[in-house]
Amino acid sequence: MREASYRTTALVGLGWLVTVVTAVIAGAVQSAGEQTCDDATSWCLTPGEAATLGLTLASPVLLAMIIIVLVLAGPFARRLPSAPLAGTLTAVVAVPVAVALGGLVLAVAR
């Protein structure tokens with residue numbers, strides 16, 4: 001059985017993460033209509049500012065998912081013959097692993 005390339009597997013996994021994050025940001029910015037802050041009782045954000053704030057707050061999780069993809073790319077590339085399949089699986093597995101690690105960090109921080 002032929003092994004997939006680590007580099008290609010990692011690039012496919014990272015590509016999926018970039019694609020999903022970009023789609024979420026584009027959807028959040030485009031789905032909001034005209035917004036005025038005239039009647040706001042406190043601070044008000046435009047959709048672009050909200051997307052920037054959300055991306056800033058989510059950056060530790062995104063960094064963790066990038067590291068998880070890079071770590072898992074090796075074992076997945078050795079076991080699967082297709083780099084696109086291995087990269088897609090690393091991206092899919094990175095999400096619950098990052099959520100579990102985040103929950104562990106929150107539980108220990110308590």
Side-chain angles (χ1 to χ4, degrees):
M1 184 163 93
R2 189 176 155 264
E3 291 182 358
S5 163
Y6 170 80
R7 180 179 294 170
T8 307
T9 300
L11 285 175
V12 170
L14 294 174
W16 274 113
L17 293 180
V18 168
T19 301
V20 170
V21 169
T22 304
V24 168
I25 291 171
V29 171
Q30 289 185 357
S31 66
E34 277 294 314
Q35 179 178 359
T36 61
C37 294
D38 298 337
D39 59 349
T41 57
S42 65
W43 51 281
C44 180
L45 296 174
T46 66
E49 292 170 339
T52 302
L53 179 64
L55 189 59
T56 302
L57 294 175
S59 60
V61 175
L62 294 173
L63 179 63
M65 289 191 336
I66 289 169
I67 292 170
I68 292 167
V69 164
L70 293 175
V71 168
L72 291 178
F76 277 81
R78 282 191 296 273
R79 287 178 177 74
L80 297 170
S82 169
L85 175 63
T88 301
L89 287 177
T90 59
V92 168
V93 171
V95 175
V97 170
V99 169
L101 287 175
L104 181 64
V105 167
L106 289 176
V108 169
R110 268 183 123 198

Give every donor-acceptor pair under 3.5 Å between a side-chain atom in residues 51-59 and any protein atom, sequence neighbours left out.
| residue | atom | partner | partner atom | Å |
| --- | --- | --- | --- | --- |
| T52 | OG1 | G48 | O | 2.9 |
| T56 | OG1 | T52 | O | 2.8 |
| S59 | OG | T56 | O | 2.8 |

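- For the side-chain contact (heavy atoms from CB on, under 4.5 Å) test with M65, the passing option among V95, V97, L14 is V95; the others fail.
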*Stepwise, does the side-chain contact (heavy atoms from CB on, under 4.5 Å) test hold for L17 with L62?*
CA-CA 8 Å; L17 293 180; L62 294 173; over 6 Å; no

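- L104 belongs to a hydrophobic cluster whose other members, connected by ILVMFWY side-chain contacts under 4.5 Å either directly or through intermediates, are V108.
- In plain terms, the two heavy atoms of G13 and A91 that are nearest each other are O-CB, 3.8 Å.
- Among pairs with a residue in residues 100-110, none fulfils side chain to side chain donor-acceptor pair (under 3.5 Å), at least two apart in sequence or across chains.
- Within the structure, side chain to side chain donor-acceptor pair (under 3.5 Å) pairs that include any residue of residues 85-102 comprise W16-T88 (at least two apart or interchain).
- Take S82 and apply the side-chain contact (heavy atoms from CB on, under 4.5 Å) test, not counting sequence neighbours, and it matches P84, L85.
- In this structure, CG on L101 lies 11.0 Å from CG on L106, to the nearest 0.5 angstrom.
- Taking all atoms of both residues into account, the shortest heavy-atom contact from L80 to A86 is CD1-CA, 3.8 Å.
- Across all non-hydrogen atoms, the minimal contact from T9 to S5 is OG1-O, 2.8 Å.
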Counting only pairs under 3.5 Å, give me each side-chain donor-acceptor contact of residues 67-77, with atom names and distances, residues two or more places apart or in other chains.
none

